[in-house]
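To keep things clear, I will list the structure first and then write my remarks on it.
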Amino acid sequence: MILPWLSAWRIPEGLVPRLLCAEGLAEAEKCGYHFSLRDKENLARWFVQLKDLNQDGKLAADLKKHKLDASIDLEIILPDGFPMEPPFARVLYPQLRGGYVFERGGICFEPLTPKGWVPSMTLPALAIAIKGILDYGEVRVAGVGNKATRTVPHYTEEGARKDHTAISASHRGGESSTYGSIKHYSS
């Protein structure tokens, strides 16, 4: 049975209940992430908090140095064509730099491109994969933004989409042979 409120957004049946049910929340806690809807009226916009970062890593050390919670906030937006099209993901908080994060919060990651996306990838698997590239890469804290609202003023959806467009163009839509060092790319 397709639930009418899910089919209106072309969200796969079972996605919302799986992410937000007691078992899904317990699994998320165990794996170091937390999903919640950003807007209860829009099932395509998800807030994701990545936790349980590598305590020996540079990112965790930076978060501690800046007296920030040991977590990274992301937004994942599902397109109308999801799961056949990749979701859009961006960093919300704190301000990060280096590695795979661009200046406006865009994330350079092959599975977020049309050629790199695999429709069978679940959102929890994507969250864990993004956590891995942030946690074990050269990503550092560049600023704290507004601690009270956990926002970075120049981390806008429009800016991150511009980052994503530049990333996609540089990698010809996600062609794996174009990945390697991204030091020479800029947004």
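All figures in this text were calculated on a predicted structure; none of them were measured in a lab.
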Return the minimal non-hydrogen interatomic distance between [X] and [Y], and the atom names on each side.
| X | Y | result |
| --- | --- | --- |
| G105 | A160 | C-CB, 4.2 Å |
| L112 | H164 | O-CE1, 3.1 Å |
| L63 | S71 | CD1-N, 4.0 Å |
| P94 | I72 | CD-CD1, 3.7 Å |
| P86 | P79 | O-CG, 3.3 Å |
| M121 | P111 | SD-CB, 4.4 Å |

**Reported CD-to-OH distance for the pair Q49 and Y93, which is rounded to 0.5 angstrom** =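 It is 11.0 Å, given to the nearest 0.5 Å.
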**Request:** Starting at CG of N54, measure out to CG of L134 and round the result to the nearest 0.5 Å.
**Result:**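 It is 12.0 Å, given to the nearest 0.5 Å.
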**Prompt:** Taking the inter-plane angle between the rings of F82 and W117 on a 0 to 90° scale, is it parallel (under 30°), tilted (30 to 60°) or perpendicular (over 60°)?
**Reply:**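 Plane angle between 30° and 60°, so tilted.
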**Asked** Is there a side-chain contact between Y155 and L96 (heavy atoms, below 4.5 Å)?
**Response**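 Sidechains of L96 and Y155: in contact.
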**Beyond-backbone contact of R161 with R90, side-chain heavy atoms, under 4.5 angstrom** =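 SC-SC contact between R161 and R90 ruled out.
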May I ask you to decide if [Y]'s main-chain N or O and [X]'s side chain share a donor-acceptor pair within less than 3.5 Å?
| X | Y | answer |
| --- | --- | --- |
| D163 | R104 | yes |
| K131 | D52 | yes |
| T113 | E110 | yes |
| K51 | A70 | no |

**Request:** Check the pair L37, W46 against side-chain contact (heavy atoms from CB on, under 4.5 Å), reporting the backbone distance first and the verdict last.
**Result:** CA-CA 5 Å; L37 284 169; W46 291 86; 3.6 Å; yes
**Request:** Any pair with a residue in residues 134-143 that passes side-chain hydrogen bond (donor to acceptor under 3.5 Å, both in side chains), sequence neighbours left out, goes on the list, sorted by first then second residue, please.
**Result:**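 side-chain hydrogen bond (donor to acceptor under 3.5 Å, both in side chains) check on residues 134-143 returns K58-E138, D62-R140.
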**Prompt:** Between D69 and R150, does a salt bridge (Lys or Arg N to Asp or Glu O under 4.0 Å) hold up when you go through it step by step?
**Reply:** CA-CA 10 Å; D69 292 339; R150 292 183 64 88; 3.3 Å; yes
